[in-house]
Amino acid sequence: MRACVLTATGGGGGIDKLAITDVPDAPAPRAGEVRIAIRAAALNHLDLFVADGLPGSPPPFPHIVGADGAGVIESVGPRVTAVRPGDKVMLNPGISDYTCEYCRAGEHSLCVSYRMLGEHLPGSVAELVTLPAHNVAKIPALVPELTWAEAAAFSLVTLTAWRMVVTRARLSPAETALIWGIGGGVSLTAMRIAKLLGARVIVTSSDDAKLATAKQLGADITFNHKTQKVAQEVRALTHKRGVDVVVENVGAATWDDSLRCLCRGGRLVTCGATSGPQVGLDIRRLFWHHWSILGSTMGNAAEYAEVVRRLAQGELRPVVDGVYPLERARAAYERLAKAQQLGKVVVEVAS
Ligand SMILES: [Zn+2]
């Protein structure tokens, strides 16, 4: 089968190690598994981290990249009843064992053996992918119909943003949220979820064109974090009160300003550290202001079912930035690496 693979990782130049090549087919599905003929796969910042080399033991090379995807069920293993060959499905790229104490408690993204497609396991930018049937959802029928690119773009960011905003930060309609870097898929989806909840949303970007689009998509207030001092602007806007929730995935570059923007009792929720993982925290400010610092990664099976249900209602339809043919997957990576996108960058695997 054709696939986009890394032939090595590391050194900050991982994209140079990408190749489009023939690899052995994904294995035939075992009990509880399905094999999917992938039509489109979406990239995430995770894919850039994987290309540059994450801590821990590297995967065997060539390593198939990509977490998100959508396609048609090609075959199913024994004891699979929820889907059958021919069904159109999206992938939930977080693989849990469904046996550990966290899984048994319904918290699948806390699984002690949690693994991600494209990071710990062969990924989605390939003609065939084999994974547990737990990890697919039928693509809802919408008018107009979801494109393969939209279906591929849905799972990772929507699940991540939902858990952050709804489950972890518990954003409510009367509250205000600050969301950094609206070009990113999680940030853009978090904004749309916050608006769905009825909250007021402030977003930032270094790109005025992205801010204008964010406004069309529902942002109440926008700041250019390159030309404006976000913490000062937020404090002025809120009459020194600050915002209830800050949605973070930037890390080192924005952390201090995120804390300056938090109101008393505020919650900072983070799922990433694209600018660096080490930050400072004055514990006296933490307890005096009753802040909550919340970590979040992906989401559980109930949350995934809920976001798929929302999609079926016509909500949270993905925003696709662009679609690249498989043979040009590296160009898709480069657009993401340069942070040029607004919404999801998608690779068309088969037409
Ligand atoms: Zn588990």
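Just follow the structure's listing: the first ligand is 1, and inside any ligand the first atom is 1.
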Rounded to the nearest 0.5 Å, how far apart are OG of Ser292 and CZ of Arg170? 10.5 Å
Counting only N and O atoms by type, is there a donor-acceptor contact under 3.5 Å from the side chain of Glu306 to the main-chain atoms of Ala302? no
Please say yes or no: joined through hydrophobic side-chain contacts below 4.5 Å, possibly via intermediate residues, are Val320 and Leu326 part of one cluster? no
Side chain to side chain donor-acceptor pair (under 3.5 Å) filter on Tyr304, not counting sequence neighbours, yields Ser155
Quick check on the hydrophobic clustering: are Ile179 and Val230 connected, directly or via other members, by side-chain heavy-atom contacts under 4.5 Å? no
Answer yes when Lys195 and Asp220 have at least one side-chain N-carboxylate O distance shorter than 4.0 Å, and no when they do not. yes
Proximal protein heteroatoms (N, O or S) of the Zn ion (ligand 1), under 2.8 Å: Asp97 OD1, Cys100 SG, Cys103 SG, Cys111 SG
